[in-house]
Amino acid sequence: MYIDAIVKITAILKEVTGRDDVILIDGGDHADLASPVAFAMGKEEKRSPALIAKQITEQVYDRVLEEAWATTVAAGPYVNFIFDSRYLSAVLDAAVREGYGSLPPRKGRIVLEHTSANPNGPLHVGHIRNTIIGDTLARCFRKAGYQLEVQYYVNDMGRQIAIVAWGIEEQKEDITTGGKGDHRIAEVYVTANKALLADPEKNAEIDSLMQRVEAGDPATVARFREPVKQCLSGFKETLAGLHVTHDRFVYESDFIRNGDTQRLLARLSWLPQATRTDILSLDLSSFGFEKDYILQRSDGTSVYAARDLAYHMWKGRNFDRVIDVLGADHKLIGTQLQATLRLLGERVPDIIFFEFVSLPEGSMSTRRGKFISADDLLSEARDRALDEVTKRRPELDEATRIAIATSVCIAAIRYDIIKTIPEKSTVFSWDEALDFEKQSGPYIQYAHARACSILDKAGEFTHATEIGTDSEIALIKHIGRFPSVIEQVTEEQKPHLLALYARELADLFNSFYHAEPVLKAREITRNSRLTLVQATRNTLQEALVTLGIDAVRSM
RNA sequence: GGGCGUGUGGCCUAGUCAGGAUAGGGCGUCAGCCUCCUAAGCUGAAUGUCGGGGGUUCAAAUCCCUCCACGCCCGCCA
């Protein structure tokens, strides 16, 4: 409805003014939509913008009322549009239906890659920014009607994994015992890195391992595979704890084994930009890159970039759109990858880059063992959430309190991460990550639970849309924008907009809740308010689920 | 040194791409609100050179130039 109204009003304005540059802006306190087109017209025609706005208002009034269910009002140089009661009723009718906000199915399949952390230690709070941006986007794309597959690209043959494989042997460690696999790997990895630092000559053993694994030596492949398997099983457990699942894990080594990487390297070597000496590299200076893009080492082994190119070619040929979520440290290599695929005429991925999460004492590092693991974060969050639930709802049994606390802690973590724009680097703070008040996931869950509670007490009621008060109208208008938010999140790949929307929805509902009695209202007013509570509850639930957060009925 | 990103009240943050009406929120501070549908809540108050300086425009947090600060990158690592 909201999207529809914008399209219709814009078309009418274009027709009446004969201009192509009419845009509608948010009307703020003044209106639902506004057009400042009279400013430009006044400037060009040397007439008063206010007079022009008045004329436009008269010209479009009837059509806008008829087609977009809005009244047109001139306010100085602005042409303002205010939705009428038919619009409000229509929003309520739509918003009480299951699946509100879902957009019609679209053609084409998307592959979205996120997380893809190296299996050399547990996921930490930096990795899960990637995870949560990726998973939230995936949920939004699906809600927006796209078919989508989520993939995890497993780096199972890089230098880090060689170091892990080497470390296990050196340290005579059995990583299958003594704790969660990903944490055990980190212990080995940190120790192995120290050993290599102390005795750099040992690096030759790492090089040798990498040559053997690329050649497909079965014993070496097995030595790499086991720790990767252990680590991934730990990852899957952590991800599940955040409500995140991947449809497919794709192994980097597959692109060596199936020959794709070799075929790609051969193809690349024929490009005019290729330099073939003892190594293979590409001159991407025409794309603005200073240094050559190196793809094959002098010992003949491929570098990560080559395997990643093979992976992306495969994705591009099997899907209609390729999206990657990558950390800011991948900006250079990611844009080099895009440039190379463009050179080859292959499908170019859209890459969403996010900036780093650091600790107050400095940046995180798996190699140095300096990080806060996602598991520690989740466990601390669950403890704090359980304290809160116990404090507020002492009458509930333990199992129920734990279930609520689990939902609440995931909500707090996911919301804290997704609410900030990806372009901004952040400093991790326990207090902010585990905040359960305002601008938090639990705050939105609470609004939903509150709506559930009212509906539970109300019993049966008749759908009604007699709306009058300011807080009711503001709430309905916001509910009406939900589908357009889903649209915008996917168009602009900005999942934080959904977080913002959900919080504003909770704000408006809370204001309404405190301003207007629902259960104690009479007849049509009661029914209308209950309908509004139902519409709000449904929209909050859809928004929460799309954020990967449980819409709990009680908390 | 070069490239990319960020800079908004004491602290955190939206708005910047597609310039428009008094720059939205939150934390913290202050003053109120639970005989009333869940106070993880609501209402009100105070707090701003939108990093600095130029420019474009009827209009700049938003566009252009320049400088400063912070983050990331500039490996035959991934």
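Chain naming here is simple, since letters A, B, ... match the order of the sequence lines and numbering starts at 1 in each. Scope of the values below: all heavy atoms of this structure, side chains included, with no hydrogens, waters or symmetry mates.
The shortest distance between the side-chain N/O atoms of A/Ser511 and the OP1/OP2 oxygens of B/rU43 is below 4.0 Å. Distances shorter than 4.0 Å separate none of the side-chain N or O atoms of A/Tyr513 from OP1 or OP2 on B/rC34. Considering only side-chain N and O atoms, A/Lys438 lies under 4.0 angstrom from the phosphate OP1 or OP2 of B/rC42. Put simply, A/Lys291 has a side-chain N or O that comes within less than 4.0 Å of OP1 or OP2 on B/rG75. Taking 4.0 angstrom as the limit, A/Arg450 places a side-chain polar atom (N or O) nearer than this to OP1 or OP2 of B/rA39. The phosphate of B/rC77 (OP1 or OP2) has a side-chain N or O of A/Arg297 nearer than 4.0 angstrom.
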Every protein N/O within reach of nucleotides 15-18 of chain B N/O, cut-off under 3.5 Å:
residue, atom, partner, partner atom, Å
B/rG15, OP1, A/His496, NE2, 3.0
B/rA18, N6, A/Glu492, OE2, 2.9

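A/Glu355 contributes no side-chain N or O that forms a donor-acceptor pair with the base of B/rG5 under 3.5 Å. The base of B/rC76 sits with one of its N or O atoms less than 3.5 Å from a complementary donor or acceptor on the side chain of A/Ser298. No hydrogens or angles were tested; on distance alone, a donor-acceptor pair under 3.5 Å links the side chain of A/Asn80 to the base of B/rA21.
A/Val389 comes within 4.0 angstrom of a nucleotide base, judged by non-hydrogen atoms across all strands.
Look at A/Arg503 and A/Asp507 and you find a salt bridge, because one of the NZ, NE, NH1 or NH2 atoms lies within 4.0 Å of a carboxylate O, short of that distance.
Nucleotides B/rA31 and B/rG53 are separated by 37 Å at their P atoms, to the nearest Å. B/rU22 and B/rG5 are spaced 32 Å apart, taking the C1' atom of each and rounding to whole Å. A gap of 32 Å separates the C1' atoms of B/rG2 and B/rG19, to the nearest Å. Annotation: B/rC42 and B/rU66 have their C1' atoms spaced 48 Å apart (nearest Å).
The side chain of A/Thr420 approaches B/rA14 more closely than any other nucleotide in the set B/rG71, B/rA14, B/rC42. In this structure, of B/rC37, B/rC72, B/rA40, it is B/rC72 that holds the atom nearest to the side chain of A/Ala328. Closest to the side chain of A/Ser363, from the set B/rC72, B/rA40, B/rC37, is B/rC72.
Within 6.0 Å of CZ on A/Arg212 lie more than 12 heavy atoms contributed by other residues, nucleotides or ligands.
Here B/rG19 sits opposite no nucleotide as a Watson-Crick or G-U wobble pair (both hydrogen-bonding atom distances under 3.5 Å).
Between A/Ile413 and the options A/Val125, A/Ile128, A/Ile418, a side chain to side chain contact (heavy atoms under 4.5 Å, CB included) holds for only A/Ile128.
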